[in-house]
Amino acid sequence: MNELFWALMLLFNFGAIILAYRFWGKIGLFIWIPIASIVANIQVTKTIDLFGLTATLGNIVYAGSFLVTDILNENHGKKDARKAVGIGFFSLIAMMVLMNMALWFRPGADDFAQESLVTLFSPMPRIVLASLIAYGVSQLHDVWSYNMWKEKLPARRFIWLRNNISTMISQLIDSVIFTMIAFFGTFPTHVLVEITISTYILKWIVAVCDTPFIYLASSWRERAELMESR
């Protein structure tokens with residue numbers, strides 16, 4: 001059933017992004033960035049079997065953030081796309097500090113959550129460090145790459161090309177950096193390699209599937225059909 005749940009999460013993720021953009025324009029996308037950053041870094045602590053491969057959860061939510069920066073780059077410019085990257089950085093750091101501070105408190109006699117919180121958030125500094133480095137390098141590359149291809153091939157019919165080229169290379173950078181920093185020494189080498197490969201494959205699939213949504217977002221912007229335009 002994992003594959004079915006993965007497909008449902010993929011549809012919900014893209015649907016939520018595009019609805020946020022429809023109703024609140026670029027502010028909606030700025031709102032989605034911290035949601036994706038925080039949720040992905042919690043989900044990534046869970047390892048699953050998917051399509052016969054060992055993978056970490058969180059690939060869909062995290063990969064969806066590249067759709068967000070690509071929409072911002074396409075419709076609003078490189079400056080807003082970089083602003084979204086900065087918001088992602090801030091949200092990750094704030095979440096890590098706040099949740100680790102929560103672990104300092106001595107739980108009450110009737111508390112039932114402390115052990116689960118320790119399990120979930122005690123490895124968070126390493127994961128967030130890995131995520132920050134991978135996120136920063138890959139997202140800034142994605143913003144730069146998308147903008148470069150937009151300048152070279154500005155026609156609307158080439159949106160699919162600049163979206164996929166920029167995202168797929170950026171996702172490869174992200175997958176290698178994150179997996180090596182976050183999980184090196186945690187899993188056996190063959191599992192680490194499998195996670196790296198499976199993570200990239202899944203993110204690559206997400207990147208391909210997001211193409212219709214960036215065209216839809218571009219169409220709404222051109223026809224001034226966003227709620228913020230009314």
Side-chain angles (χ1 to χ4, degrees), residues 1-17 19-20 24 27-51 53-68 84-136 138-139 174-175 177-188 191-192 194-196 198-199 202-203 206:
M1 295 293 289
N2 279 351
E3 289 76 16
L4 175 60
F5 294 149
W6 191 84
L8 290 174
M9 185 181 287
L10 182 71
L11 290 174
F12 178 83
N13 186 76
F14 286 154
I17 291 171
L19 284 176
W24 299 294
I27 293 176
L29 299 183
F30 289 147
I31 291 170
W32 185 259
I33 284 292
I35 293 174
S37 300
I38 293 170
V39 170
N41 276 274
I42 294 173
Q43 289 187 347
V44 77
T45 59
K46 182 171 183 175
T47 305
I48 60 173
D49 293 321
L50 197 63
F51 301 109
L53 298 170
T54 300
T56 55
L57 206 56
N59 295 315
I60 292 174
V61 178
Y62 183 77
S65 64
F66 286 84
L67 171 61
V68 171
V85 176
I87 291 171
F89 260 92
F90 180 80
S91 63
L92 279 175
I93 294 171
M95 183 267 291
M96 180 192 69
V97 173
L98 288 171
M99 292 312 301
N100 276 270
M101 288 181 69
L103 300 181
W104 298 347
F105 290 82
R106 185 171 59 191
D110 298 324
D111 177 81
F112 61 87
Q114 178 70 6
E115 291 186 9
S116 297
L117 290 175
V118 169
T119 300
L120 193 58
F121 293 106
S122 59
M124 191 59 66
R126 180 176 178 178
I127 290 176
V128 170
L129 175 63
S131 184
L132 284 172
I133 296 173
Y135 179 85
S138 62
Q139 285 281 14
D174 176 83
S175 298
I177 293 176
F178 178 81
T179 307
M180 291 300 115
I181 296 176
F183 300 121
F184 185 79
T186 303
F187 296 109
V191 175
L192 194 66
E194 187 173 341
I195 289 176
T196 303
S198 63
T199 296
L202 293 174
K203 289 178 180 177
V206 174

* **Atom pair CG/CE of Asn100 and Met95 - distance to nearest 0.5 Å** => 9.0 Å
* **Close side-chain approach of Val206 and Phe14, heavy atoms under 4.5 Å** => yes
* **CH2-CD1 distance between Trp32 and Ile87, expressed to the nearest 0.5 angstrom** => 14.5 Å
* Is the shortest heavy-atom distance from the side chain of Phe121 to the side chain of Thr45 under 4.5 Å? -> no
* To do: Might you point out which heavy atoms bring Asn13 and Gly64 nearest each other, and give the distance in Å?
  => ND2-CA, 3.7 Å
* Asked: Which heavy atom in Ala134 sits nearest to a heavy atom in Asp174, and how many Å separate them?
  -> CB-OD1, 3.3 Å
* Asked: Between Asn2 and Asp49, what is the shortest heavy-atom contact and its length?
  -> ND2-O, 2.9 Å
* To do: Of all the heavy-atom pairs spanning Ala36 and Ser65, show the shortest one and how long it is.
  => CB-CB, 4.4 Å
* Determine whether Val118 and Gln114 make a side-chain contact, defined as any pair of heavy atoms from C-beta on separated by less than 4.5 Å. => yes
* To do: Can you measure from CD1 (Ile177) to CG (Leu132) and round to the nearest 0.5 angstrom?
  => 12.0 Å
* Asked: Can you check whether Thr199 reaches Phe178 side chain to side chain, under 4.5 Å on heavy atoms?
  -> no
* Working to the nearest 0.5 Å, report the span between CD1 of Ile181 and OG of Ser131. => 10.0 Å
* To do: Taking the side chain as every heavy atom from C-beta outward, state whether Ile33 and Leu29 have any atom pair closer than 4.5 Å.
  => no
* **Atom pair CG/CZ of Asp111 and Arg106 - distance to nearest 0.5 Å** => 12.5 Å
* State, with a plain yes or no, whether a side-chain heavy atom of Met180 is found less than 4.5 Å away from one of Thr196. => yes
* Tyr62 side chain near Lys203 side chain, heavy-atom distance below 4.5 Å -> yes
* Asked: How many angstroms lie between atom CZ of Phe5 and atom CG of Leu57, to the nearest 0.5 angstrom?
  -> 12.0 Å
* Structure fact -> For Ala84 and Tyr135, the nearest pair of non-hydrogen atoms, with its separation, is O-OH, 3.5 Å
* Asked: Can you find a heavy atom in the side chain of Phe51 that is under 4.5 Å from one in the side chain of Ser198?
  -> no
* Might you point out which heavy atoms bring Leu103 and Ser122 nearest each other, and give the distance in Å? => CD1-N, 4.1 Å
